[in-house]
Participant: 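First the structure, which I've put down as structure tokens, then a few questions once you've had a look.
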Amino acid sequence: MDFLNELNEAQREAVLSVNGPNMIIAGAGSGKTRVITYRLAFIIQQGLADPFELLALTFTNKAAREMRERISKIAGLEAKNIWMGTFHSVFSRILRQEAEKLGYTREFTIYDTDDALSSIKEILRGQNIDDKSFKPKNILNLISNAKNYLIDAEEFESKYVVDTKTEIAARVYKIYTEKCFKANAMDFDDLLIKPIELFTQYPDILHKYQHRFKYIMVDEYQDTNYAQYLITRKLAAVHENICVVGDDAQSIYSFRGATIQNILNFKSDYPDVKVHKLEQNYRSTSNIVHAANSVIAHNEHQLEKRVFTDNETGDKIQLIITENENEEARKVVDSIREQKQVHSFLNRDFAILYRTNMQSRTFEDQLRKAGIAYRIYGGLSFYRRKEIKDMLAYMRLAINPKDDEALKRVINYPVRGIGNTTVNHMIAKAGDLKISFWEVLEQFQKMGFSTQAQKAIAGFVDAIKAFGTEAIREDAHDAASFIAKNSGMLKELHSDESAEGVSRWQNVQELLNALREFTENPENKEPYLHSFMSEIALFTDQDDTDKADSDVVSMMTLHSAKGLEYNSVYIVGVEEGLFPGAMSMNTREDMEEERRLFYVGITRAMKQLTLSYARTRNKFGQFSVNEPSRFIREIKAEFISSPHTNAEGSLLREIQKMNMPMRRPGTRDATPAQTEAFIGDDLSNLATGNRVEHGKFGLGKVLMLEGEGDERKATIAFDAKGEKLLVLKYAKLKIME
DNA sequence: CGCCGGGGGTTCGGA
DNA sequence: ACCCCCGGCG
């Protein structure tokens with residue numbers, strides 16, 4: 001039990017308290033993952049349970065993978081057998097085993113959000129409902145919310161219809177449920193509520209799993225929804241060895257059904273719950289920890305908790321204040337370059353965090369111009385690209401031809417002469433007869449379409465059947481290659497010689513490579529397409545580890561930054577209306593969630609934290625003037641680097657004053673806004689051999705010039721700081737001689 | 001069937 | 001500013 005010595009007292013108690021209900025409130029950076037992994041390892045090493053009897057639920061694949069690796073290091077290979085994964089992956093595994101009980105086959109398809117939306121659209125169309133006045137996304141949200149609270153279509157109709165929109169949602173909900181069932185498909189919400197259905201209808205199955213899972217752990221408990229709460233409560237009912245881990249201050253997903261209520265429910269369900277608080281932060285400097293505390297203190301609703309640290313004080317938080325979003329990006333990138341020099345940071349030490357995805361563009365432009373490698377997280381992931389979804393649709397059909405959404409997607413791609421009119425007819429028919437699209441296709445002969453369409457359909461049906469046979473007979477890679485070739489997709493993509501077309505073709509090749517790896521991996525005992533497909537729907541971005549250890553600046557939304565840490569963090573666009581967002585200003589609940597999001601952002605930083613805001617910004621093509629975010633004012637002034645920390649509470653006014661142009665050429669800037677202090681000369685006549693002066697690096701000599709226009713760079717040997725390659729567009733240099 | 005242009009909308013987004 | 005969707009036309 002050596003590892004117990006690596007823990008502080010609170011952590012050790014949380015690890016050792018394995019029996020009965022436990023709740024661990026884990027502040028940011030308090031070693032939560034370490035506690036969870038040690039706790040599981042401890043249970044195994046003490047022989048309290050077999051790894052097969054442990055259930056550990058996480059929110060992301062990434063978290064599950066990391067945890068599995070860390071446990072294996074402590075507890076050995078046995079740890080592989082823990083039932084560890086996301087709620088969705090663990091319960092889809094159970095559902096596949098028990099699918100027949102619910103009238104599905106074990107090959108059921110998992111509909112992603114796009115599939116669900118497309119299905120809703122089809123239903124609206126069938127009901128002659130204008131999807132402009134009743135937006136599919138809206139309707140889907142209503143349905144999804146209902147599902148998360150285990151309200152079925154019938155109950156929704158009888159209790160929750162209050163206006164036209166909910167009336168329509170009720171109708172759509174009913175049809176959507178039937179359609180999914182006919183298509184042998186479950187959406188993401190179903191993966192959580194179907195197990196509850198299963199457990200309610202078949203108590204013996206519930207008993208089986210209740211007895212199997214002797215110990216249950218749930219990570220990120222503050223982000224669970226009602227269905228997830230219920231499912232864990234049911235499973236824990238026999239042994240009652242359940243441990244939930246979370247931080248109410250980091251609850252940022254209420255908009256998709258997560259509820260803090262679950263933590264309160266937990267306490268009332270298990271009155272003898274032992275509560276552990278991990279309050280020592282090991283991640284950040286004390287300035288950052290205190291700044292974060294001072295912000296979150298403005299929330300009324302929170303559990304009592306005092307996060308502290310023994311770490312060094314560290315630098316104060318920097319503010320970058322600019323006139324517009326382009327200048328903001330420029331100064332942030334300038335600051336990154338400066339910090340790289342001053343602190344010997346690498347690109348990978350930096351993260352730029354923003355509230356909305358649209359903010360990424362200006363930073364991308366500036367980083368590219370500065371020649372700094374970066375990576376945007378959470379953009380269009382590999383598996384959401386059109387060509388990949390098309391390929392996957394064929395593969396889905398090979399496994400489950402009743403998959404309506406996959407069928408719609410590729411029935412006429414590549415073009416094979418099955419036009420919209422034909423397709424719409426058949427879809428309407430399927431709706432009338434309450435059968436799947438595929439079953440309509442199989443009967444198409446009786447339906448009297450033109451012979452040309454009939455021929456095309458017959459060809460398509462034969463092809464899909466052949467794909468299905470291939471999927472059974474051959475391994476996953478060979479089956480997929482067969483499908484890529486015989487669907488006509490490879491040919492179609494190959495004929496497009498544009499750069500985009502080539503990249504699409506390459507993406508399909510990459511998918512085939514992934515299948516090859518899957519097939520050749522000896523750990524996969526069933527190297528067939530159906531087992532590949534059973535995982536793929538739950539498997540999204542951030543799984544491409546290829547770039548994970550390369551030296552790049554990370555850019556992402558504040559939401560996707562949760563759980564990560566960087567030496568230097570920039571939170572940008574910290575303005576009223578953007579962060580907090582304009583949509584969050586109506587209720588205290590929304591505002592507090594926004595503040596927690598800011599808290600999450602602050603606590604990602606280990607050493608340096610910089611906030612930036614732009615006084616004006618183009619939003620949706622409209623010029624807008626913004627005030628600095630209230631969140632800046634909420635940070636206690638002593639933790640921010642600013643000369644304007646005199647009067648308590650007046651920081652906001654002071655910040656606004658700082659926006660007034662008060663710079664005079666050739667003088668030091670009076671604002672703390674970094675990097676603008678040194679005013680450079682016009683460099684168009686710069687020549688090799690010139691002596692120059694740089695604000696940070698001092699005097700130096702130009703050795704070499706290269707590139708044109710914005711790309712023009714100079715290699716300069718500085719007397720004190722050595723050789724640097726500077727981009728002239730950004731370098732502020734005085735020409736001395 | 002496929003391309004082009006207009007109009008509406010626009011947070012955050014795991015699985 | 002940009003994206004997606006739809007309708008009209010070649």
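Chain identifiers are assigned alphabetically (A, B, ...) following the order of the sequence lines, protein sequences preceding nucleic acid strands; residue numbering begins at 1 within each chain. Only a predicted model underlies this, so the values are computations on that prediction, with no experimental measurement involved.
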Participant: Less than 3.5 Å apart, any donor N or O on the side chain of A:D403 or A:T109 sitting next to an acceptor on the other?
Facilitator: yes
Participant: What about A:S92, does its side chain sit under 3.5 Å from the base of B:dA15 through a donor-acceptor pair?
Facilitator: no
Participant: Between A:E575 and A:S629, does any side-chain donor sit less than 3.5 Å from a side-chain acceptor?
Facilitator: no
Participant: Is there any protein nitrogen or oxygen under 3.5 Å from a nitrogen or oxygen in nucleotides 8-13 of chain B, and what are the pairs?
Facilitator:
unit_1 : atom_1 : unit_2 : atom_2 : d
B:dC12 : OP1    : A:N357 : N      : 2.8
B:dC12 : O4'    : A:R355 : NH1    : 2.7
B:dC12 : O2     : A:R355 : NH2    : 3.1
B:dG13 : OP1    : A:T557 : OG1    : 2.4
B:dG13 : OP2    : A:N357 : ND2    : 3.0

Participant: Could you tell me how far apart A:I231 (CD1) and B:dA15 (P) are, to the nearest whole angstrom?
Facilitator: 17 Å
Participant: Quiz question: by atom type and distance under 3.5 Å, do the side chains of A:Q222 and A:E220 form a donor-acceptor pair?
Facilitator: yes
Participant: Mind telling me whether A:Y149 and A:Y226 have parallel, tilted or perpendicular rings, with 30° and 60° as the class edges?
Facilitator: parallel
Participant: Just checking A:K562: base, sugar-phosphate only, or nothing, at a heavy-atom cut-off of under 4.0 Å?
Facilitator: nothing
Participant: Is the cationic atom of A:K194 (NZ for Lys, CZ for Arg) positioned less than 6.0 Å from the six-membered ring centroid of A:F199 and within 45 degrees of its normal?
Facilitator: no
Participant: Quick one: list whatever passes salt bridge (charged side-chain N to carboxylate O under 4.0 Å, His left out) with A:R595, sequence neighbours left out.
Facilitator: A:E634
Participant: For A:M583, give me all partners under side chain to side chain contact (heavy atoms under 4.5 Å, CB included), at least two apart in sequence or on another chain.
Facilitator: none
Participant: Can you check the distance between B:dG13 and C:dC4, where both ends of the measurement are the P atom (answer in whole Å)?
Facilitator: 16 Å
Participant: Check the interface with nucleotides 1-3 of chain B: list each N/O to N/O pair with the protein under 3.5 Å, or write none.
Facilitator:
unit_1 : atom_1 : unit_2 : atom_2 : d
B:dC1  : OP1    : A:N412 : ND2    : 2.2
B:dC1  : OP2    : A:G419 : N      : 3.1
B:dC1  : OP2    : A:N420 : N      : 3.1

Participant: Along DNA chain C, 5' to 3', what are the outermost nucleotides having an atom less than 4.0 Å from a heavy atom of chain A?
Facilitator: C:dA1 to C:dC6
Participant: Would the A:F266 and A:Y221 ring centres measure less than 6.0 Å apart?
Facilitator: yes
Participant: Which heavy-atom pair separates A:Y354 from A:S360 by the least distance, and what is that distance?
Facilitator: OH-CB, 3.4 Å
Participant: Could you work out, with salt bridge (charged side-chain N to carboxylate O under 4.0 Å, His left out) as the rule, every residue matching A:R355, not counting sequence neighbours?
Facilitator: A:E594
Participant: Can you measure A:E220 atom CD to B:dA15 atom P for me and round it to whole angstrom units?
Facilitator: 11 Å
Participant: Whether the A:R368 and A:Y374 side chains hold a donor-acceptor pair (N or O, under 3.5 Å, no angle test) is what I'd like checked.
Facilitator: yes
Participant: Expressed as a whole number of angstroms, how long is the span from A:F188:CZ to B:dA15:C1'?
Facilitator: 4 Å
